Asker: 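What follows is a structure written as structure tokens; I'll ask about it next.
Order of listing sets the numbers, starting from 1, for every ligand and every atom in it. Numbering of residues begins at 1 and proceeds along the displayed sequence. All figures in this text were calculated on a predicted structure; none of them were measured in a lab.
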Amino acid sequence: MITMDDIIREGNPTLRAVAKEVPIPPTAEDVELGNEMLQFLKNSQDPVKAEELHLRGGVGLAAPQLDISKRIIAVHVPSTDPEKPESSLSTVMYNPKVLSHSVQEACLGEGEGCLSVDREVPGYVVRAARITVSYFDAEGEAHKVRLKNYEAIVVQHEIDHINGIMFYDHINDQNPLHLKDGVLVID
Ligand SMILES: O=C(O)C[C@@H](Cc1ccccc1)[C@H](O)SCc1ccccc1
Ligand code: NI
């Protein structure tokens with residue numbers, strides 16, 4: 001079972017490496033890894049298990065964060081629609097790839113964090129508002145999905161990890177909050 005002890009922190013070179021594609025269909029080992037990554041996210045969002053296992057809440061996890069330089073990500077984004085309580089996006093993606101993205105941009109109002117970063121880094125992380133992603137599932141089936149808003153942000157954060165990119169690489173150091181004379185500038 002994955003716990004916070006298995007997650008490497010900034011400074012570990014694996015977080016800056018471009019991870020390797022995995023064979024498709026995924027091996028039994030890679031399927032097991034993906035399932036464990038997804039289970040970690042579910043546990044991290046369960047108040048009892050998170051408390052018991054001292055887990056930080058997570059909606060995404062990439063294999064490099066486990067010091068495994070493979071192009072595997074897991075996402076478990078809770079539903080915000082009370083009519084649809086099950087998760088809005090819950091899956092393991094093997095060899096995910098952004099095929100296209102919107103010109104329109106988006107960012108989380110509260111900025112981003114990272115399970116591999118034990119510090120607050122203020123600033124808007126500007127990303128594409130909508131993306132089309134291809135990936136393979138545990139059975140080796142190909143998928144192509146269009147994602148928007150929060151789901152798109154989470155998947156972009158995780159795909160960044162398999163490309164050695166950290167969320168703060170996107171923050172404009174000179175103007176992290178995109179202010180102009182103290183006013184937030186929305187291009
Ligand atoms: O470190 C990771 O990759 C997991 C991140 C993913 C993430 C962070 C910010 C924005 C999008 C994705 C963790 O989920 S950070 C903790 C967290 C938990 C719930 C909501 C937002 C961030
Ligand atoms: Ni992260």
Side-chain angles (χ1 to χ4, degrees), residues 1-19 33-51 53-81 85-94 96 98 101-102 105-131 133 135 145 147-172 176-178:
M1 175 183 63
I2 295 173
T3 68
M4 294 308 294
D5 292 343
D6 301 303
I7 295 178
I8 61 173
R9 310 299 153 92
E10 54 182 333
N12 186 315
T14 305
L15 288 172
R16 287 306 192 180
V18 176
L33 172 62
N35 290 339
E36 286 191 40
M37 289 165 65
L38 193 55
Q39 191 56 51
F40 166 84
L41 296 174
K42 292 175 180 175
N43 292 343
S44 80
Q45 293 174 30
D46 175 319
V48 173
K49 288 183 180 166
E51 166 86 22
L53 298 166
H54 310 292
L55 304 181
R56 268 185 69 188
V59 291
L61 188 67
Q65 294 180 275
L66 303 171
D67 210 9
I68 300 171
S69 199
K70 292 183 177 180
R71 301 183 82 78
I72 305 172
I73 69 171
V75 291
H76 187 70
V77 182
S79 165
T80 50
D81 177 355
E86 71 285 351
S87 170
S88 67
L89 178 66
S90 181
T91 194
V92 181
M93 297 184 178
Y94 295 89
V98 177
H101 63 82
S102 61
E105 296 175 325
C107 65
L108 292 184
E110 67 277 17
E112 294 192 9
C114 181
L115 296 173
S116 296
V117 177
D118 292 328
R119 60 192 171 99
E120 294 282 316
V121 183
Y124 293 124
V125 180
V126 179
R127 299 185 184 276
R130 293 179 302 283
I131 55 174
V133 179
Y135 68 92
V145 292
L147 301 171
K148 63 181 180 182
N149 301 332
Y150 188 46
E151 292 176 355
I153 287 173
V154 173
V155 169
Q156 289 174 82
H157 180 113
E158 300 313 325
I159 290 179
D160 268 358
H161 274 305
I162 61 177
N163 290 324
I165 297 166
M166 300 294 280
F167 74 91
Y168 44 72
D169 298 342
H170 297 284
I171 294 174
N172 176 334
L177 297 179
H178 289 250

Asker: Which of the atoms in ligand 1, numbered in the order shown and given with their element, are less than 4.0 Å from a heavy-atom of Gly113?
Answerer: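 Per the distance check, 8 (C), 9 (C).
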
Asker: On a heavy-atom basis, I'd like to know which of Ile153, Val117, Leu115 is closest to atom 1 (O) of ligand 1.
Answerer: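 Among Ile153, Val117, Leu115, the closest heavy atom to atom 1 (O) of ligand 1 belongs to Leu115.
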
Asker: Answer with yes or no whether the side chains of Gln39 and Asn43 bring together a donor and an acceptor at under 3.5 Å.
Answerer: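 Judged by distance alone, the side chains do pair up.
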
Asker: Could you please compute the angle at the Ni ion (ligand 2) from SG of Cys114 to NE2 of His161, rounded to 10°?
Answerer: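 The NE2/SG angle about the Ni ion (ligand 2) sits at 100°.
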
Asker: Is the shortest heavy-atom distance from the side chain of Arg127 to the side chain of Val155 under 4.5 Å?
Answerer: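 A side-chain contact is absent here, since even the closest heavy-atom pair is not under 4.5 Å.
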
Asker: Checking side-chain polar atoms at under 3.5 Å, does Tyr168 have a donor or acceptor matched by the opposite partner on Glu10?
Answerer: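 Side chains of Tyr168 and Glu10: pair found under 3.5 Å.
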
Asker: Name the closest protein heavy atom to atom 18 (C) of ligand 1, giving the residue it belongs to and the distance to 0.1 Å.
Answerer: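 Answer, as residue, atom name and distance: Gly57 O, 3.4 Å.
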
Asker: Among protein heavy atoms, which lies nearest atom 19 (C) of ligand 1, and at what distance?
Answerer: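 Among all protein heavy atoms, the one nearest atom 19 (C) of ligand 1 is Val59 CG1, 3.8 Å.
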
Asker: What atoms in ligand 1 come closer than 4.0 Å to a heavy atom of Tyr150?
Answerer: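 With Tyr150 as reference, the close atoms of ligand 1 come out as 19 (C), 20 (C), 21 (C).
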
Asker: Check ligand 1 against Leu108 and write out every atom of the ligand that is under 4.0 Å from a heavy-atom position of the residue.
Answerer: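 This gives 10 (C) as the contact atoms.
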
Asker: Identify the protein heavy atom lying closest to atom 4 (C) of ligand 1, giving its residue, its atom name and the separation to 0.1 Å.
Answerer: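 Here the closest protein heavy atom is Gly60 O, 2.9 Å.
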
Asker: Using a 4.0 Å cut-off to any heavy atom of Cys114, which atoms of ligand 1 qualify?
Answerer: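 Ligand 1 atoms under the 4.0 Å threshold to Cys114: 1 (O).
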
Asker: Tell me, do Ile7 and Leu61 make a side-chain contact under 4.5 Å, heavy atoms counted?
Answerer: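 Side-chain contact under 4.5 Å: yes.
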
Asker: For Thr14, does its backbone N or O pair with a side-chain atom of Asn12 as donor and acceptor, under 3.5 Å?
Answerer: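 Such a contact is found between Asn12 side chain and Thr14 backbone.
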
Asker: Can you list the ligand 1 atoms lying under 4.0 Å from a non-hydrogen atom of Glu158?
Answerer: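 Those of ligand 1 that fall under 4.0 Å from Glu158 are 2 (C), 3 (O), 4 (C), 6 (C).
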
